Amino acid sequence: MNKEVKAIVIDHFMHFDETWEFIERVKKEWGVSVVVKGNERLKGHKYGDVVKVSELSREDREELQRLGYNREEFVFALNNIAGNHLLKTVPLKEAVKDLKIDALIVGVRWDENPARASETFFSPREDPPHTRVHTILLFTERDIWEFTLGNRLPVHPLYYKGYRSLDDKYETKKVSDKPAWEQNLENTPERVGRAQDKGNIMEILRRHGYM
Ligand SMILES: Nc1ncnc2c1ncn2[C@@H]1O[C@H](COP(=O)(O)OS(=O)(=O)O)[C@@H](OP(=O)(O)O)[C@H]1O
């Protein structure tokens with residue numbers, strides 16, 4: 001892999017241990033250069049803590065204002081708009097800015113969520129200015145597994161254990177005892193084990209820079 005190409009991992013402080021082990025393994029085996037970026041201003045909070053907006057840094061308060069969030073508190077978790085935005089989108093935007101990234105390749109797909117269904121392959125963004133490059137928009141979940149297993153690509157160990165779509169360790173649920181690729185991919189929802197997909201959270205988050 002070209003050493004100039006960097007992979008960015010957004011650390012929302014709630015990844016599974018297996019996710020970090022997997023990242024280390026891929027780094028070593030594939031020689032991928034990985035940059036880890038989190039919202040360090042929020043480090044130290046624990047999952048479920050109630051965070052007061054008035055105690056946030058100016059940057060984070062401004063981010064919540066832009067989002068139209070006007071409550072006084074939010075829960076430190078990914079299942080709500082404020083927590084998710086500050087822990088994922090904000091560090092992502094800061095990484096794009098700090099690393100002076102022109103093009104960010106993101107693995108979102110049309111069929112994952114209605115909020116992603118009209119995404120384009122090259123998607124210009126303003127805050128900060130860059131282009132999102134969505135190379136696998138047209139893949140189905142089945143296509144992903146056929147490509148991954150067919151080419152013997154490394155597989156995150158939790159997919160063997162019945163998880164179907166992975167995010168944080170507190171709220172991502174295992175949905176079967178079968179490996180992800182042996183599940184009924186065509187007739188059951190891929191992201192049912194994901195808290196942040198409830199309601200229209202994803203749509204609002206995406207308007208503000210979410211993946
Ligand atoms: N923590 C973190 N760090 C860096 N990049 C990330 C992260 N989470 C999601 N992504 C990117 O978003 C793509 C879609 O994955 P998900 O649908 O699981 O994302 S999300 O959690 O709803 O954003 C995902 O594509 P894949 O890596 O192909 O799954 C990534 O490009």
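Worth saying up front: this structure is predicted, and the values here are computed from it rather than measured. Atoms within each ligand, like the ligands themselves, are counted from 1 in listed order.
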Worksheet item: Is the CD atom of Glu186 crowded by more than 12 outside heavy atoms at less than 6.0 Å?
Response: yes
Worksheet, complete the sentence: Candidates Met202, Met211, Arg206; heavy atom nearest atom 5 (N) of ligand 1 found on Met211
Item to complete: Please name the pair of heavy atoms, one in Asn80 and one in Val75, separated by the smallest distance, quoted to 0.1 Å.
Response: ND2-O, 2.8 Å
Worksheet item: For ligand 1, is any non-hydrogen atom under 4.0 Å from Asp11's backbone (N, CA, C, O), its side chain (CB onward), both, or neither?
Response: neither
Fill in: Check: Tyr210 N/O within less than 3.5 Å of ligand 1 N/O
yes
Worksheet item: Please walk me through it: do His208 and Arg206 pass side chain to side chain donor-acceptor pair (under 3.5 Å)?
Response: CA-CA 5 Å; His208 296 275; Arg206 293 203 86 239; over 6 Å; no
Discussion item. If I apply the N/O under 3.5 Å rule, does Ile136 come out as touching ligand 1?
Written reply: no
Worksheet, complete the sentence: Candidates Val9, Ile10, Leu205; heavy atom nearest atom 1 (N) of ligand 1 found on Ile10
Worksheet item: Relative to the heavy atoms of His15, which atoms of ligand 1 are at a distance of less than 4.0 Å?
Response: 1 (N)
Worksheet entry | Pair Glu112 + Arg109: basic N to acidic O under 4.0 Å | yes
Discussion item. At under 4.0 Å between heavy atoms, is it the side chain or the backbone of Arg191 that contacts ligand 1, or both, or neither?
Written reply: side chain
Item to complete: Enter the distance from Glu146:CD to Trp181:CH2 here, rounded to the nearest 0.5 Å.
Response: 13.5 Å
Discussion item. Among Pro91, Gly107, Ala7, which one puts a heavy atom closest to atom 26 (P) of ligand 1?
Written reply: Gly107
Item to complete: Return yes when atom CG of Asn184 has more than 12 non-hydrogen atoms of other residues, nucleotides or ligands closer than 6.0 Å, and no otherwise.
Response: yes
Discussion item. I need the atoms of ligand 1 closer than 4.0 Å to a non-hydrogen atom of Val106, numbered in the order shown.
Written reply: 11 (C), 12 (O), 13 (C), 31 (O)
Worksheet item: Can you list the ligand 1 atoms lying under 4.0 Å from a non-hydrogen atom of Lys88?
Response: 20 (S), 21 (O), 23 (O)
Worksheet item: Numbering the atoms of ligand 1 from 1, which are under 4.0 Å from a heavy atom of Ile8?
Response: 3 (N), 4 (C)
Worksheet item: So, is Arg116 polar-close to ligand 1, with some N/O to N/O distance under 3.5 Å?
Response: yes
Item to complete: Kindly assign one of parallel, tilted or perpendicular to the pair Tyr69 and Phe74, based on the angle between their ring planes and the thresholds 30° and 60°.
Response: perpendicular
Discussion item. For the residue pair Asn84 / Asn79, report whether a side-chain donor-acceptor contact shorter than 3.5 Å exists.
Written reply: no
Discussion item. Below a 4.0 angstrom heavy-atom separation, can you tell me which part of Lys37, side chain or backbone, both or neither, approaches ligand 1?
Written reply: neither
Discussion item. Looking at Glu141 and Arg164, is there a salt bridge between them, counting it only when a charged N and a carboxylate O are closer than 4.0 Å?
Written reply: yes
